[in-house]
Amino acid sequence: MRLTDDMIQMAGLLSTATRVVVFTGAGVSKESGLDTFRDAGGVWQAIDPEEYASPAGFRRQPRKVWQWYQARRRKMQAAAPNPAHYAIAELEELFPHVVIITQNIDGLHQKAGSSRVLELHGSLRRYRCADNCQGSRTAVPTPPVDAEEPVRCPYCGAYTRPDIVWFHEMLPFSVWEESVQEAMSCDAMLVVGTSGVVEPAASLPREARAAGAYLLEVNLEPTALTHRSHVSVQGRAGVVLPLVVNQIRAYQQQGA
Ligand code: BV8
């Protein structure tokens, strides 16, 4: 795929920004071999999120949910960042203020070198007591990735669980607050690889646009956010983003 007019337009609008937020979903990690959820072949087409990604599902069948997340942990640990993650990390060399707000729990933005990553839905690299026995989100040692049985909390004996946000759970307050601040004060929000349907995360691009930011989307197909975007580029993030970042560099060298 070569540089197209809409990528040049996207690079041009981004180049006017000082404060850039990158908002990502599962699609940014697809080229790293990790699963998406709602597009063709997505996870939720095979299994019910209420059974595997909700507190009630974990209470009903802790062993089954535990083992599903252990399998995802093993895949995530083996996964490497792809060119999309690296292009996003490179933005920190081009702009004074860059923040990544991700819905993903795979840690690939950090592995690629991004230094400010807000994990809206938590991280599969952290575990906590399911009963929060020492207070909210009691951290516990991360269990061995091959533990087949749910590991017990060392403090109270309840189950431990991934430190992630399941459906019907609140997002971590401080992360949410900071994400809203960043979305409301950015000049441009680059939205990569998300269907834009999970709330309240999907409200951030809407708020950014309403607050006056350029809304710029990279996705394989139209999404719930496309009609609100100033520019929407259709293509694989691992191909499009390196081209856009190179074009920004070219603009900055011209302007230098
Ligand atoms: C809350 C956990 C309230 C970690 C996730 C109606 C019914 C039921 C519930 C609701 C409802 N309306 C609203 C809700 C609430 C619900 C919700 O939004 N449901 C949606 C589905 C309607 N939200 C919640 O429950 C949230 N909590 O509301 O609490 C509350 C209030 C008071 C008191 C207490 C509580 C919590 C939401 C978080 C849920 N946790 N994950 C995990 O296991 O991973 S959600 C899950 O979706 C992941 O986090 C994922 O990241 C996230 C968002 O999905 P996407 O990332 O966008 O992935 P998706 O597959 O959808 O899209 C991928 C895109 O990539 C596609 O567009 C595809 O085209 C594109 N793509 C693919 N390849 C590429 C690509 N693009 C570029 N390049 C490529 N190569």
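Atoms within each ligand, like the ligands themselves, are counted from 1 in listed order. The basis for the numbers below is simple: all heavy atoms, side chains too, and nothing from hydrogens, waters or symmetry mates. For reference, positions follow the sequence shown, starting with 1.
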Amino acids contacting ligand 1, non-hydrogen cut-off under 4.0 Å
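Residues within 4.0 Å of ligand 1: G25, A26, G27, K30, E31, T36, F37, R38, D39, Y69, R72, Q103, N104, I105, H121, I164, V165, W166, F167, H168, E169, M170, G193, T194, S195, V197, V198, E199, N219, L220, E221, G235, R236, A237.
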Consider only side-chain N and O atoms of H109 and T24, and report whether a donor and an acceptor are under 3.5 Å apart.
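Looking only at side-chain atoms, T24 and H109 do form a donor-acceptor pair, the distance falling under 3.5 Å.
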Is there a donor-acceptor contact under 3.5 Å linking the side chains of Q252 and S15?
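Looking only at side-chain atoms, S15 and Q252 do not form any donor-acceptor pair under 3.5 Å.
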Would you give the length of the straight line joining atom CD of E182 to atom CD1 of I100, rounded to the nearest 0.5 angstrom?
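If we round to the nearest 0.5 Å, E182:CD and I100:CD1 are 10.5 Å apart.
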To the closest 0.5 Å, what do you measure between CZ (R236) and CG (L220)?
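R236 atom CZ to L220 atom CG measures 8.0 Å (nearest 0.5 Å).
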Should the pair R249-E93 be classified as a salt bridge under the 4.0 Å nitrogen-to-oxygen rule?
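A salt bridge links R249 with E93.
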Ion pair present between R161 and E169, side-chain N to carboxylate O less than 4.0 angstrom?
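Counted as a salt bridge, because a side-chain N and a carboxylate O are separated by less than 4.0 Å.
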